[in-house]
Amino acid sequence: MQSVVQTAGAGGGSNDVQWCFSQVKGAIDDDVAEADIISTVEFNHSGELLATGDKGGRVVIFQQEQETKGQPHSRGEYNVYSTFQSHEPEFDYLKSLEIEEKINKIRWLPQKNAAQFLLSTNDKTIKLWKISERDKRPEGYNLKEEDGRYRDPSTVTTLRVPVFRPMDLMVEASPRRVFANAHTYHINSISVNSDYETYLSADDLRINLWHLEITDRSFNIVDIKPANMEELTEVITAAEFHPNQCNTLVYSSSKGTIRLCDMRAAALCDKHSKLFEEPEDPSNRSFFSEIISSISDVKFSHNGRYMMTRDYLSVKIWDLNMENRPVETYQVHEYLRSKLCSLYENDCIFDKFECCWNGNDSVVMTGSYNNFFRMFERGHRRDLTLEASRESSKPRAVLKPRKVCAGGKRKKDEISVDSLDFNKKILHTAWHPQDNIIAVATTNNLYIFQDKMN
Amino acid sequence: MSEEVEETKTPEEASTEEQKPEMDDKVISPEKAQEAELKARYPNLGSKPGGSDLLRKRLQKGQKYFDSGDYNMAKAKMKNKQLPTAAAEKTEITGDHIPTPQDLPQRKTSLVASKLAG
């Protein structure tokens, strides 16, 4: 038997992580403005910074405060560090279509100097933002007054050397590069190469390779557009560079396949090096099969040996050396299989859930409905369902595991499938690169949970 | 309507249509039962759900406007609930009317900050 299929509830044991509420960001009121819908969440490489993007094209960056000796039982809190308008709505004159300002993805660059850099993208344009701190300013100019007015040179009788004096910390975000006009279709992914010089951007049909310094040119490395659009059968849904092999990238498709490409093989990577696909039992095929097999996210493990894919009902872990089936499969919300008809009617079946790894690749996490999110502990074969809600938002309160009752008699604390709120979706989650700190985005709120420190 | 569905289905599947999809039925998977329910509600649904139609709809997401004037008028309507009274009298074609200089909104003022930063 191939993979591990998880349906059990949370396990016990002393090695268990207990997740506690830490913080929640965003407005409490239920009337959510569309601009406030969170569309992406990403920790930077050290975990000190946490960025969110929203439908209104805004980016908010939180910074973890340094741990203080007075509070040994919790890690530093995340406070607002910088916020800026990354993208604005635009109008495509050629097609008479609106270009949404919604931030689809944010990816951090590794830190090379005092400033921080991130890439943010909407459907058409990628921007490189520099976030820098200013905590001192020069004072004592000879030719200028302190307020900036120029002095009359004839009144200068002595000379002095201007000095830097401390000032209140100012965090400035400035767009350093704008990478535009390279995508006919909608950008769904960006990924920084491990060479720290290039990055890829992927839309429904093409993947482009950019150099971070060059904005007027990009190389097309994957093109799956058929000569005749009537023959279109699948689109690219996500793409990512390998974490340490700079020549390797993967992209997933709406048909549930993943292709691994090696940029050394050819300039145009239309021919894949590996094709990952789980064989399907043809007798099980239904109207919904292809739709629910569409992969909404693909993520390499930190060690680069595995990759994880998220389709509508499950999370799959693939060994890069084995193409014919995943090594692990985790059911996120299998009880929805008997609800597919209504989920198709209300379009929820097209929701794009993301997934993420913890720092040492031992646990994976993904979101679900009713503001539930799921964690799967590889190796221990344990899974956990937690909820991001205001009710369980008392400081350092331990989160209670949740359970959905698929049918039959509902136990006391369980929630029945029919009571699930399908408007409360957790599509975006992120895990701190080293510690057990997670960021979970509901529609318009960002929850931060930490493990209980004794 | 049920006649039409029975023609395309095996006798097995047709007979389970009356049953609730959640029933523990080893013969019909819950997925196939859901498919039957969907086809009962939408008999004109094509048998191939993926394929170019669905994908092409996906490739062209985003609202279409007649032209940039139409787009700007729609944006102005969202930002300012009231338009100048001149607008109310014109007949609706695409958008509301061909914009005149006094109808166009002022340049965007201060940006609304994200509530996450509040």
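Below, chain A is the first sequence line, B the second, and so on; all start at residue 1. All heavy atoms count here, side chains included; hydrogens, waters and symmetry mates do not. These numbers were taken from a predicted model, which means no experiment stands behind them.
Proximity to chain B (any heavy atom under 4.5 Å) is restricted, for Ile292(A), to the side chain, taken from C-beta onward. Neither the backbone nor the side chain of Phe84(A) comes within less than 4.5 Å of any heavy atom in chain B. Interface remark: Glu234(A) contributes backbone atoms only to the contact with chain B (heavy atom separation under 4.5 Å). Heavy atoms of Phe62(A) lying under 4.5 Å from chain B belong exclusively to its side chain. Using a 4.5 Å cut-off between heavy atoms, Ile61(A) makes no contact with chain B at all. Within the 4.5 angstrom heavy-atom criterion, no atom of Asp92(A) approaches chain B. Proximity to chain B is limited to the side chain of Ser254(A), based on heavy atoms less than 4.5 angstrom apart. If you measure heavy-atom distances from Asn79(A) to chain B, you find no contacts under 4.5 Å at all. Of the atoms belonging to Arg337(A), heavy atoms from both backbone and side chain fall under 4.5 Å from chain B. For Glu98(A), the parts sitting under 4.5 Å from any heavy atom of chain B are the backbone and the side chain alike. Ser283(A) touches chain B through its backbone: at least one of N, CA, C or O sits under 4.5 Å from a heavy atom, while the side chain does not. In this structure, chain B has no heavy atom under 4.5 Å from any part of Leu343(A).
Counting non-hydrogen atoms of other residues, nucleotides and ligands closer than 6.0 Å to CD of Glu34(A) gives a total of 12 or fewer. Residue Leu169(A) qualifies as enclosed at atom CG: its count of foreign heavy atoms under 6.0 Å is above 12. The 12-atom threshold is not exceeded at CG of Asp31(A), counting heavy atoms of other residues, nucleotides or ligands nearer than 6.0 Å.
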Item to check | Glu31(B) and Leu340(A): CA distance, side-chain angles, deciding distance, side-chain contact (heavy atoms from CB on, under 4.5 Å) verdict | outcome: CA-CA 7 Å; Glu31(B) 215 174 295; Leu340(A) 293 176; 3.5 Å; yes
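Scored by the side chain to side chain donor-acceptor pair (under 3.5 Å) test, Lys124(A) finds no partners at all (sequence neighbours excluded). Listed by chain and number, the residues in a side chain to side chain donor-acceptor pair (under 3.5 Å) with Glu90(A) amount to none (sequence neighbours excluded).
For the options Leu97(A), Val80(A), Ile38(A), heavy-atom pairs under 4.5 Å to chain B are most numerous at Leu97(A). The most heavy-atom pairs under 4.5 Å with chain B, out of Glu100(A), Lys95(A), Glu345(A), come from Glu345(A). Heavy-atom pairs under 4.5 Å with chain B peak, among Asp204(A), Leu446(A), Leu205(A), at Asp204(A).
In this structure, the separation between CD1 on Ile349(A) and CD on Gln34(B) is 9.5 Å, given to the nearest 0.5 Å. Within the model, atoms OG1 of Thr52(A) and CG of Leu116(B) stand 4.5 Å from one another, a figure rounded to the nearest 0.5 Å. Put simply, CD on Gln85(A) and OG on Ser114(B) are 10.0 Å apart, with the number rounded to the nearest 0.5 Å. We find the CD-CZ distance between Glu35(B) and Arg285(A) to be 10.0 Å, quoted to the nearest 0.5 Å.
Checking side-chain atoms of Glu37(B) against main-chain N and O of Cys341(A) turns up no donor-acceptor pair under 3.5 Å.
Ring geometry, Tyr65(B) versus Phe91(A): the interplanar angle exceeds 60°, so the pair is classed perpendicular (tilted spans 30 to 60°).
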